[in-house]
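Worksheet: one structure, shown below.
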Amino acid sequence: MTDHTNHSLSFSQPQYKNLLRTTVIGQKMSYHKQLNSTNSYAKSLSKADMHHGMIILTDHQKSGRGRVSRFWFSPPEKGLTFSLIILPKINIRKSGLFSILSGVAIAECLIEYGIPVKLKWPNDVMVDSKKIAGILCESKISGQLVNSVIIGIGLNVNDDPNEYPFDLQNIVTSLQHITGTNYRREDILTNILFHFEELYKLVTNKQESILVKKWLSYNQHLGQKITFHQNDTLISGLFLGITPYGEAIVEINGKQEILMSGQIL
Ligand code: BTN
């Protein structure tokens with residue numbers, strides 16, 4: 001449900017519980033009025049306190065962390081800032097799939113609200129070349145296995161880009177900025193988690209190729225020349241797609257290369 005007023009409201013856990021349509025993902029929630037970073041909080045939990053599918057959510061994230069040591073800015077009570085804990089016990093090569101999966105879950109959710117989302121490898125969620133959401137996955141590895149993944153998601157919902165630091169104002173957007181509607185964040189979050197749970201089944205059933213296909217259908221640079229940052233060097237190539245492990249396939253100087261990490265400019 002949406003209304004057209006422009007207000008901030010604290011996140012309602014009872015409303016969230018009522019709307020939640022999952023069986024595992026998001027069933028356990030740890031809500032905090034304010035936190036420095038939901039990812040850092042999740043990382044500080046003991047093994048016994050880490051439950052598969054649990055989410056940590058705050059209404060005011062004071063020092064949100066982005067990829068490559070950047071800061072994630074989020075005004076209080078406007079957007080969604082949360083971390084989802086997954087205990088997957090899968091091979092380390094598949095760890096990149098969680099960014100892909102989360103991007104598709106957000107895309108499938110936002111498309112239902114009429115938002116024309118595009119995904120940028122590895123994990124930026126864009127609308128009209130502006131960022132609407134960011135994903136920060138942090139994994140704990142033991143031997144060849146991924147023991148836990150903390151998936152941090154920041155989604156701009158009722159944010160006004162004019163309230164952002166000046167250098168971000170032209171590169172971010174939000175649902176409200178695009179449609180002019182004020183959204184109930186509990187609706188959006190429960191919808192993302194629903195899509196996440198469905199997509200996660202593809203990974204547990206070894207149907208990653210379906211996930212890859214879905215991701216490619218939202219991708220904004222397939223078949224295009226891209227420039228990316230890798231280990232302080234700028235490289236150009238043709239983006240050909242992603243592997244069933246979520247790595248990028250790029251043609252560089254006529255040769256196909258697999259990239260596990262990097263940043264497309
Ligand atoms: C990026 O695009 O650089 C990733 C941004 C990830 C931000 C989210 S907000 C919730 C979670 N907690 C954090 O400190 N960061 C992530």
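- With sequence neighbours left out, Lys206 forms a salt bridge (charged side-chain N to carboxylate O under 4.0 Å, His left out) with no residue at all.
- Separation of the Phe11 and His60 ring centroids does not fall under the 6.0 Å cut-off.
- Rounding to the nearest 0.5 Å places SG of Cys109 at 11.0 Å from CZ of Phe194.
- Of the possible donor and acceptor atoms, none in the side chain of Gln220 sits under 3.5 Å from a partner among the backbone N and O of Lys118.
- Applying the salt bridge (charged side-chain N to carboxylate O under 4.0 Å, His left out) test to Glu251 and every residue at least two apart in sequence or in another chain returns nothing.
- At a threshold of 4.5 Å between non-hydrogen side-chain atoms, the residues Leu189 and Asn191 do not count as touching.
- Considering only residues two or more places apart in sequence or on other chains, Phe98 meets the ring-ring contact (aromatic ring centres under 6.0 Å, His included) condition with none of them.
- By the ring-ring contact (aromatic ring centres under 6.0 Å, His included) test, Phe228 pairs with no residue at all, sequence neighbours left out.
- Using modelled atom types, one finds a donor on one side chain and an acceptor on the other under 3.5 Å when comparing Asn156 with Tyr164.
- With values rounded to the nearest 0.5 angstrom, Ile171 atom CD1 is found 8.5 Å from Met126 atom CE.
- Leu259 CG to Ile252 CD1: the interatomic distance, rounded to the nearest 0.5 Å, is 5.5 Å.
- Cluster membership for Trp72 and Phe82, using ILVMFWY side-chain heavy atoms within less than 4.5 angstrom, is not shared.
- Of all the heavy atoms in Val117 and Ile111, the pair that sits closest is N-CD1, 4.1 Å.
- Each of Lys214, Lys201, Lys94, Lys213 was evaluated against Glu208; a single residue qualifies, Lys94, per the salt bridge (charged side-chain N to carboxylate O under 4.0 Å, His left out) test.
- Each of Val149, Asn147, Ile92 was scored for a side-chain contact (heavy atoms from CB on, under 4.5 Å) with Ile141, with one residue passing: Ile92.
- A donor-acceptor contact shorter than 3.5 Å is absent between the side chain of Tyr218 and the backbone of Gly103.
- Looking at every heavy atom in both residues, Met50 comes nearest to Leu87 through O-CD1, 3.6 Å.
- The existence of a salt bridge linking Lys78 and Asp59 is excluded, since no basic side-chain nitrogen approaches an acidic carboxylate oxygen closer than 4.0 Å.
- Applying the side chain to side chain contact (heavy atoms under 4.5 Å, CB included) rule to Pro165 yields the partners Phe73, Asp167, Leu168; only residues at least two apart in sequence or on another chain are considered.
- Gln61 and His32 share no side-chain donor-acceptor pair at under 3.5 Å.
- Grouping the Ile, Leu, Val, Met, Phe, Trp and Tyr side chains by contacts below 4.5 angstrom, directly or via other members, places Trp121 with Ile210.
- Hydrophobic clustering of Ile, Leu, Val, Met, Phe, Trp and Tyr side chains at less than 4.5 Å, counting indirect connections, unites Tyr183 with Ile178.
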Decide yes or no on side-chain contact (heavy atoms from CB on, under 4.5 Å) for Ile153 and Ile151, but give the supporting numbers first.
CA-CA 6 Å; Ile153 295 181; Ile151 304 172; 4.0 Å; yes

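- For the ring-ring contact (aromatic ring centres under 6.0 Å, His included) test, no residue two or more places apart in sequence or in another chain qualifies with His229.
- Leu45 and Tyr31 fall into different hydrophobic clusters, where Ile, Leu, Val, Met, Phe, Trp and Tyr side chains are chained together by heavy-atom contacts under 4.5 Å.
- Taking every heavy atom of both residues into account, Leu80 and Arg185 meet most closely at CD2-CB, 3.8 Å.
- Although no hydrogens or angles enter the test, the distance criterion places a donor-acceptor pair under 3.5 Å between the side chain of Ser174 and the main chain of Asp159.
- Judged as a side chain to side chain donor-acceptor pair (under 3.5 Å), the pairs with a partner in residues 125-138 (not counting sequence neighbours) are, in order, Asn39-Glu138, Lys43-Glu138, Arg65-Glu138, Asp124-Lys131.
- Scanning for side chain to side chain contact (heavy atoms under 4.5 Å, CB included) contacts around Leu222 gives Leu216, Asn219, Phe239, with sequence neighbours left out.
- Rounded to the nearest 0.5 Å, atoms CG (Leu101) and CG (Leu202) are 7.5 Å apart.
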Where do Val24 and Glu197 land on the side-chain contact (heavy atoms from CB on, under 4.5 Å) test, with the steps shown first?
CA-CA 8 Å; Val24 178; Glu197 187 164 281; 3.8 Å; yes

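- In this structure, the side chain of Ser37 engages the main chain of Ser40 through a donor-acceptor pair within 3.5 Å.
- Shown here are the salt bridge (charged side-chain N to carboxylate O under 4.0 Å, His left out) partners of Lys33, two or more places apart in sequence or in another chain: Glu77.
- Within the model, atoms OG1 of Thr22 and CG of Leu193 stand 6.5 Å from one another, a figure rounded to the nearest 0.5 Å.
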Run the side-chain contact (heavy atoms from CB on, under 4.5 Å) test on Leu119 and Val125 for me, step by step, so that the C-alpha distance in whole Å, both residues' side-chain angles and the decisive distance to 0.1 Å come before the verdict.
CA-CA 5 Å; Leu119 298 174; Val125 187; 3.9 Å; yes

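- Pro116 meets the side chain to side chain contact (heavy atoms under 4.5 Å, CB included) test with Val127; sequence neighbours excluded.
- Although no hydrogens or angles enter the test, the distance criterion places no donor-acceptor pair under 3.5 Å between the side chain of Gln27 and the main chain of Met54.
- Put simply, the side chain of Tyr200 does not reach to within 4.5 Å of the side chain of Leu211, judged on heavy atoms.
- For Ile100 against Gly246, the heavy-atom pair with the smallest separation is CG1-CA, 3.8 Å.
- Counting heavy atoms of neighbouring residues, nucleotides and ligands inside a 6.0 Å radius, atom NZ of Lys28 does not exceed 12 of them.
- Contact record, Ile249 with Gln256: CG2-OE1, 3.7 Å, taken as the closest heavy-atom pair.
- Here the side chain of Asn158 pairs no donor or acceptor atom with the backbone of Asn182 at under 3.5 angstrom.
- Scanning all heavy atoms of the two residues, the minimum distance from Ala133 to Leu155 falls at CB-CD1, 3.7 Å.
- Criterion: ILVMFWY side-chain heavy atoms under 4.5 Å apart, direct or through other members. Under it, Ile150 and Leu35 are part of a common hydrophobic cluster.
- In this structure, Asn253 places its CG atom where only 12 or fewer heavy-atom neighbours from other residues, nucleotides or ligands lie under 6.0 Å away.
- Identified under the side chain to side chain donor-acceptor pair (under 3.5 Å) test for residues 237-246, with sequence neighbours left out: Thr243-Glu247.
- The salt bridge (charged side-chain N to carboxylate O under 4.0 Å, His left out) check on Glu186 picks up nothing, with sequence neighbours excluded.
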Report the C-alpha separation of Ile106 and Ile135 in whole Å, then their side-chain angles, then the decisive distance to 0.1 Å, and conclude whether the side-chain contact (heavy atoms from CB on, under 4.5 Å) test is met.
CA-CA 10 Å; Ile106 298 170; Ile135 303 162; 4.0 Å; yes

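- For the atom pair Ile85 CD1 and Lys140 NZ, the distance stands at 9.0 Å (nearest 0.5 Å).
- Between Asn91 and Val146, the closest side-chain pair of non-hydrogen atoms is not below 4.5 Å.
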